[in-house]
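Have a look at the structure below, then the notes.
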Amino acid sequence: TLVLGAAKAYYEDSTIEAEAWGALSTDAARGATLQVDRCTIIERRRGYGTYADHGASVVITDSRMKVPTFGGVIAGQASLALNRVKSESLGNTVMIHSVMGQPQEVATLSIRGGTLRSTNAAIVVKSANADINIDQAELRADNGDLLLGVVNDDGHATKTQGAEVPGIRATLRGSRL
């Protein structure tokens with residue numbers, strides 16, 4: 001499923017399956033909205049459950065996700081909210097990165113309730129600014145890393161050109177890690 005531009009898509013009480021790369025995605029977003037309630041999201045081989053492209057808002061509530069790579073991806077100034085989601089990822093729960101953007105843009109990740117398990121770091125931030133809020137959730141990363149900041153190895157990674165950047169801010173409340 002792909003939501004383009006300013007389109008809005010809503011899924012309720014559904015099963016969304018993809019064979020490879022992405023189950024739910026946004027692209028060329030200019031205010032795109034993707035809302036998923038009470039769904040099962042399955043990615044079979046390699047890829048992500050959902051992708052919030054620059055300018056998009058993705059909200060997943062009371063749903064289950066089983067993925068081999070990333071539960072969710074945020075690119076640039078976009079937002080992803082996982083509300084009471086049960087997620088299993090053989091990679092990371094969420095990956096945040098910035099490509100071909102501006103050094104001041106900030107990704108927003110909100111996790112409220114739910115149980116999110118990953119093999120690697122729960123949240124990996126690749127050369128991006130991020131505002132992360134985790135409230136009343138259980139996160140478990142088999143490798144022990146809750147939040148990992150790394151240099152983005154993508155050739156299209158946003159360049160800071162020496163500019164001061166906001167960085168990563170994470171707030172955790174009443175959560176189990």
Side-chain angles (χ1 to χ4, degrees), residues 1-3 8-18 21-27 29 31-43 47-98 105-126 128-143 145-149 168-177:
T1 300
L2 180 61
V3 181
K8 296 177 182 354
Y10 303 92
Y11 294 90
E12 295 178 343
D13 305 303
S14 301
T15 297
I16 300 145
E17 294 185 51
W21 205 238
L24 296 163
S25 190
T26 63
D27 199 6
T33 299
L34 176 57
Q35 184 172 326
V36 178
D37 297 326
R38 300 173 310 279
C39 291
T40 299
I41 303 157
I42 300 168
E43 177 62 47
Y48 54 83
T50 191
Y51 195 110
D53 189 49
H54 180 82
S57 172
V58 176
V59 178
I60 300 177
T61 303
D62 296 322
S63 296
R64 300 174 66 89
M65 194 179 305
K66 187 168 184 176
V67 298
T69 310
F70 305 112
V73 176
I74 306 173
Q77 192 153 330
S79 67
L80 172 60
L82 302 173
N83 303 313
R84 298 176 306 280
V85 169
K86 183 171 183 178
S87 171
E88 293 179 46
S89 173
L90 296 177
N92 309 99
T93 297
V94 176
M95 187 266 284
I96 300 170
H97 69 148
S98 182
E105 56 193 34
V106 178
T108 302
L109 172 63
S110 172
I111 300 173
R112 298 199 191 300
T115 303
L116 302 111
R117 297 184 60 195
S118 61
T119 300
N120 299 327
I123 302 165
V124 62
V125 181
K126 295 178 154 192
N129 302 306
D131 187 6
I132 301 165
N133 290 288
I134 302 169
D135 190 10
Q136 302 293 320
E138 180 179 339
L139 274 79
R140 188 168 120 198
D142 291 346
N143 74 350
D145 294 334
L146 170 65
L147 175 61
L148 179 63
I168 302 168
R169 181 180 75 159
T171 304
L172 290 78
R173 291 183 194 89
S175 295
R176 198 166 148 208
L177 312 172

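Note: hydrogens, waters and symmetry copies are ignored here, and every other heavy atom, side chains too, is used. Owing to the predicted nature of the structure, the values given are computational and were not obtained by experimental measurement.
- Listed for the Asn92 side chain is no donor-acceptor partner under 3.5 Å among the backbone atoms of Phe70.
- Nearest approach of Val73 to Tyr48, heavy atoms of both residues: CG2-CB, 4.1 Å.
- Not one N or O on the side chain of Ser175 forms a donor-acceptor pair closer than 3.5 Å with the backbone of Glu138.
- A 4.5 Å side-chain heavy-atom check between Val67 and Thr69 finds every atom pair outside the cut-off.
- To the nearest 0.5 angstrom, Met95 atom CE is 13.0 Å from Ile123 atom CD1.
- A 4.5 Å side-chain heavy-atom check between Thr93 and Leu139 finds every atom pair outside the cut-off.
- The minimum heavy-atom distance between Ser25 and Tyr51, with the atom names listed, is OG-CB, 3.6 Å.
- Using a 4.5 Å heavy-atom cutoff, the side chains of Ile132 and Val125 are in contact.
- Applying the salt bridge (Lys or Arg N to Asp or Glu O under 4.0 Å) criterion to Arg173, with sequence neighbours excluded, gives no partner residue.
- Within the structure, side-chain hydrogen bond (donor to acceptor under 3.5 Å, both in side chains) pairs that include any residue of residues 110-121 do not occur (at least two apart or interchain).
- Here the straight-line distance linking atom CG of Leu147 with atom CD1 of Ile134 works out to 7.5 Å at 0.5 Å rounding.
- Atoms OG and NZ, on Ser89 and Lys66 in that order, are 11.0 Å from each other to the nearest 0.5 Å.
- Atom-to-atom distance recorded for Met65:CE and Ile16:CD1 is 9.0 Å, nearest 0.5 angstrom.
- The line from CD1 of Ile42 to CD of Glu88 is 10.5 Å long, rounded to the nearest 0.5 Å.
- Glu43 places a side-chain N or O within donor-acceptor distance of the main-chain N or O of Trp21, the cut-off being under 3.5 Å.
- In Arg38, the CZ atom is crowded: over 12 heavy atoms of neighbouring residues, nucleotides or ligands sit closer than 6.0 Å.
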request  = I would like to know whether Tyr11 and Leu34 meet side chain to side chain contact (heavy atoms under 4.5 Å, CB included); could you show each step before the answer?
outcome  = CA-CA 8 Å; Tyr11 294 90; Leu34 176 57; 3.8 Å; yes

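- Across all non-hydrogen atoms, the minimal contact from Ser79 to Ala52 is O-CB, 3.6 Å.
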query = Going through the distances and angles, do Leu24 and Val58 end up as a side chain to side chain contact (heavy atoms under 4.5 Å, CB included)?
reply = CA-CA 9 Å; Leu24 296 163; Val58 176; over 6 Å; no

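- Here the CG-CD1 distance, from Leu109 to Ile74, works out to 4.5 Å after rounding to the nearest 0.5 Å.
- Under the 3.5 Å distance criterion, the side-chain polar atoms of Ser63 are left unmatched by any main-chain donor or acceptor of Thr40.
- Contact between Thr50 and Ile60 at its shortest, heavy atoms only, is CG2-CD1, 3.7 Å.
- When all heavy atoms of Gln77 and His54 are compared, the closest pair comes out as N-ND1, 3.0 Å.
- In this structure, Thr33 and Val3 approach most closely via the heavy-atom pair O-CG1, 3.9 Å.
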message = Ile168 vs Ile96, test: side chain to side chain contact (heavy atoms under 4.5 Å, CB included). Steps then yes/no.
response = CA-CA 10 Å; Ile168 302 168; Ile96 300 170; over 6 Å; no

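- Side-chain atoms of Thr61 do not come within 3.5 Å of backbone N or O of Asn83 as any donor-acceptor pair.
- Here Asp62 pairs with Arg84 under the salt bridge (Lys or Arg N to Asp or Glu O under 4.0 Å) rule; sequence neighbours left out.
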